[in-house]
There are 2 protein chains.
Amino acid sequence: MKRPTIMDIARRAGVSKGAVSMALNGQPGVSEATRRRILQVAQELDWHPNNAARALSAARAGAIGLVLARPARTLGVEPFFFQLISGLQAELSERRIALLLQVVDDHVAEMELYRQWWSERRVDGVFVIDLRAQDERVRLLEKLGLPALVIGGPGHHGELPSVWADDAHGMRSIVTHLTGLGHKRIARVAGLPELLHTQRRTAAFREATRGLAGWTVSTDYSGEQGAEATRRLLAAPEPPTAIVYDNDVMAVAGVAVAAELGVPVPERLSVVAWDDSPLCQLLHPQLTALTRDTFAFGARAARALLDVLDGAGGGDLEDHVPELVARESTAPPAQ
Amino acid sequence: MKRPTIMDIARRAGVSKGAVSMALNGQPGVSEATRRRILQVAQELDWHPNNAARALSAARAGAIGLVLARPARTLGVEPFFFQLISGLQAELSERRIALLLQVVDDHVAEMELYRQWWSERRVDGVFVIDLRAQDERVRLLEKLGLPALVIGGPGHHGELPSVWADDAHGMRSIVTHLTGLGHKRIARVAGLPELLHTQRRTAAFREATRGLAGWTVSTDYSGEQGAEATRRLLAAPEPPTAIVYDNDVMAVAGVAVAAELGVPVPERLSVVAWDDSPLCQLLHPQLTALTRDTFAFGARAARALLDVLDGAGGGDLEDHVPELVARESTAPPAQ
DNA sequence: CTGTTAGCGCGTTCAG
DNA sequence: CTGAACGCGCTAACAG
């Protein structure tokens, strides 16, 4: 009743260990008849490969790592992460590869973990998120030779392969939507300014709002800072008539602040959220949002990393373009 | 420059493989001097144990599994999960044990995964969440002999060890708060009714509201259903003056619905959220909520499972009592 | 007590 | 198709 090994199958099928291995792996070297018999016996014994043994002989861990280094309080991005992880993993599990998840405080801990994982061969590769300009993690990963894929990566010229979305396009569609409604004073409440994708969006925003009054304020992605930024923006002598938020949680916080200040949305202030979530549809007014299929994005990222591990791929892979969903929180500016 | 093995250390230190192993593991059998020399060499070579090899010889995977089987759309519980996972993992990583996370559609897939993980010895144990009455997973886990710990478990008489919080106490503190304010008509928007912890809360709520008008409606934890339930409650001939929501997202949705219907919170309707989150503090009014230290809860759960794996422990472990934080969304009922 | 040797764990691979 | 060795670390039995 103990776990059967290949030797058990071999004995019972009257063949050698090697033959069983080939049969089980669909390798040539055994006759069809023997193969069937062996598979039959394996079935009977309910044999399953021991992962550790496989990993040892294959010199592969059968696992991919993902480190979340955002501080815990920056909870705003969760819906995104949850979807992303689901997607990553849907793809990985097809290939029976595990996802190792670890939450750490900062990049220092994250890098330490990469060293550890790789030195112990706990993972075959890692996903890297929230890249910064001159990110030290990139250097480390390259030095270590730990295969990595950057999610939402640099877009171009990256040292590491990456999968990314066309932020510029998304930003244009938002601004076009707002200007189409007649807005001329558009503010943006951005996420962490050191992140590359924030910078890309900022550049795209600047470009798209050329000729208008458009300005960006930075936050750490948290609802608190989103609220605070909104408060400041609305207190200005010439407040914006529309605000674009870099995530859904800040948008929600912004709407709450507007309500608190007696600024009706969308009559006096239009609001757009980058990243959709059920939350956006629960509020009143429902939030106009840029939706992207984060699950699919994750799946693509996983496939891309697997390709890299298989020796194929590399380079950049552009994801599908996000789509703007106009709901109730955007309207022509007052008067 | 290739990964050094124990043999490399042995050669370089002029001793045998076995000696190195003992030295490295702090086992007796080598002199202090030799041990130091060996450790020195290991350091120089930057040796790290190969996880697969260790797992193979120790017959342990060095990993714990966690399956999330909630349907993806039930996003309401995410803040909770994120905290929980962080907590689990903070504790596991201390012991260099990995957390394998997998998201699946339903319990069938979840159970299939348990079989697979265990048959391949991918994990040493698993965390089980959202237990139901007569949960089929429990039977499977016992049949397999896969060590498991139920999170938010049955509380008592469970077949599997569990860690749980005193829901009854939390519920009492909520109801006491509301009745203290003068409320006599209290409704509750509950989560999935088949979950044991929902049932526990329902029972506690019934008990605590004895003598008052108190009633519970069920949802799937999603914001949509929370909104829908709120709509129905407020449309009743004698609507409640206070509503208790089983999670934060439904509470947020409920407040939005109240606003939409022109029911001011807290003047005409008091709202309490079970589970706090930054969200609760961002809205206006800020939500009165039952906060629990989910991170710590996760850490305790992890420790409990590790104890089980070490042969110790078992049984139930009660977590700290959640605490009610009164904010702006609760007030005496109108007139 | 200090250290060595042999062999295990489990699946893969390759010369024969 | 078989036999043997390998990957890497652990450990029991044994010798100095």
Side-chain angles (χ1 to χ4, degrees), chain A residues 2-42 45-63 96 116-124, chain B residues 2-42 45-63 96 116-124:
Chain A
K2 24 183 288 292
R3 167 178 312 282
T5 72
I6 284 212
M7 268 313 292
D8 295 323
I9 301 178
R11 271 192 286 273
R12 185 135 159 190
V15 291
S16 74
K17 221 170 74 154
V20 173
S21 184
M22 334 221 83
L24 255 22
N25 295 334
Q27 305 277 358
V30 276
S31 71
E32 225 12 77
T34 315
R35 180 187 307 275
R36 255 197 299 279
R37 187 156 43 88
I38 290 174
L39 290 177
Q40 169 70 28
V41 172
L45 295 180
D46 191 31
W47 175 89
H48 291 268
N50 176 310
N51 189 56
R54 270 226 165 127
L56 180 58
S57 86
R60 292 190 322 96
R96 304 226 160 175
Q116 207 182 96
W117 275 352
W118 190 233
S119 68
E120 299 177 357
R121 280 292 187 277
R122 267 222 171 238
V123 299
D124 298 314
Chain B
K2 23 181 288 292
R3 164 179 314 283
T5 71
I6 283 208
M7 267 312 292
D8 294 323
I9 302 179
R11 268 191 288 271
R12 185 136 161 189
V15 292
S16 73
K17 219 172 72 157
V20 174
S21 185
M22 336 214 84
L24 256 22
N25 297 336
Q27 304 277 356
V30 276
S31 70
E32 226 9 81
T34 317
R35 180 188 307 274
R36 255 199 298 279
R37 187 157 42 86
I38 290 175
L39 290 176
Q40 170 71 27
V41 173
L45 294 180
D46 191 32
W47 175 88
H48 291 268
N50 175 310
N51 188 57
R54 267 224 168 129
L56 180 60
S57 86
R60 292 189 325 93
R96 303 229 161 171
Q116 207 183 98
W117 274 351
W118 191 233
S119 69
E120 300 177 358
R121 279 293 187 278
R122 267 225 170 233
V123 298
D124 298 316

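Letters go in sequence order (proteins before strands), and every chain restarts at 1.
Going from atom CD of A:Gln27 over to atom C1' of C:dC14 covers 12 Å, rounded to whole Å. As rounded to whole Å, 11 Å separates atom P of D:dC10 from atom CG of B:Asn51. Following rounding to the nearest Å, B:Asp8 (CG) and D:dG9 (C1') show an atom-to-atom distance of 13 Å. Rounded to whole angstrom, the span from the CG atom of B:Leu45 across to the P atom of D:dC8 amounts to 14 Å. Separating the CZ atom of B:Arg11 from the P atom of C:dT4 is a distance of 14 Å, rounded to the nearest angstrom.
Of the residues in residues 29-40 of chain A, A:Gly29, A:Val30, A:Ser31, A:Thr34 come within less than 4.0 Å of DNA chain D through at least one heavy atom, sorted by number.
Atoms NE2 and CZ, on A:His48 and B:Arg121 in that order, are 11.5 Å from each other to the nearest 0.5 Å. The distance from the CD1 atom of A:Ile38 to the CD atom of A:Gln40 is 11.5 Å, given to the nearest 0.5 Å. Rounding to the nearest 0.5 Å gives a distance of 12.5 Å between OG of B:Ser16 and CZ of B:Arg11.
The residue B:Val15 sits close only to the backbone: its heavy atoms come under 4.0 Å of sugar-phosphate atoms, none of a base.
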Identify each atom pair where a protein N or O and an N or O of nucleotides 12-16 of chain D are less than 3.5 Å apart, giving names and distance.
none

Check the interface with nucleotides 7-11 of chain C: list each N/O to N/O pair with the protein under 3.5 Å, or write none.
| unit_1 | atom_1 | unit_2 | atom_2 | d |
| --- | --- | --- | --- | --- |
| C:dG7 | O6 | B:Lys17 | NZ | 3.3 |
| C:dG11 | OP1 | A:Trp47 | NE1 | 3.1 |
| C:dG11 | OP1 | A:Asn50 | N | 3.3 |
| C:dG11 | OP2 | A:Ile6 | N | 2.8 |
| C:dG11 | N7 | A:Lys17 | NZ | 3.2 |
| C:dG11 | O6 | A:Lys17 | NZ | 2.8 |

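A cation-pi contact, defined as under 6.0 Å to the ring centre and within 45° of the axis, is absent between A:Arg122 and A:Trp118.
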Show me the donor-acceptor pairs, under 3.5 Å and distance only, between side chains in residues 23-31 of chain A and residues at least two apart or in other chains.
| unit_1 | atom_1 | unit_2 | atom_2 | d |
| --- | --- | --- | --- | --- |
| A:Asn25 | OD1 | A:Arg54 | NH2 | 3.4 |
| A:Asn25 | ND2 | A:Ser21 | O | 3.3 |
| A:Ser31 | OG | A:Thr34 | N | 3.1 |
| A:Ser31 | OG | A:Thr34 | OG1 | 2.6 |

From CA spacing to verdict: side chain to side chain contact (heavy atoms under 4.5 Å, CB included), B:Trp47, B:Val41 = CA-CA 9 Å; B:Trp47 175 88; B:Val41 173; over 6 Å; no
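For A:Arg36, the side-chain contact (heavy atoms from CB on, under 4.5 Å) partners at least two apart in sequence or on another chain are A:Glu32. Listed by chain and residue number, A:Ala55, A:Leu56, B:Asn50 satisfy the side-chain contact (heavy atoms from CB on, under 4.5 Å) test with B:Ala52 (two or more places apart in sequence, or in another chain).
When all heavy atoms are compared, the tightest approach of B:Ala10 to B:Val20 is CA-CG2, 3.5 Å.
Taking 4.5 Å as the limit, every side-chain heavy atom of B:Thr5 sits out of range of all side-chain heavy atoms of B:Arg3. Using a 4.5 Å heavy-atom cutoff, the side chains of B:Trp117 and A:Asn51 are not in contact.
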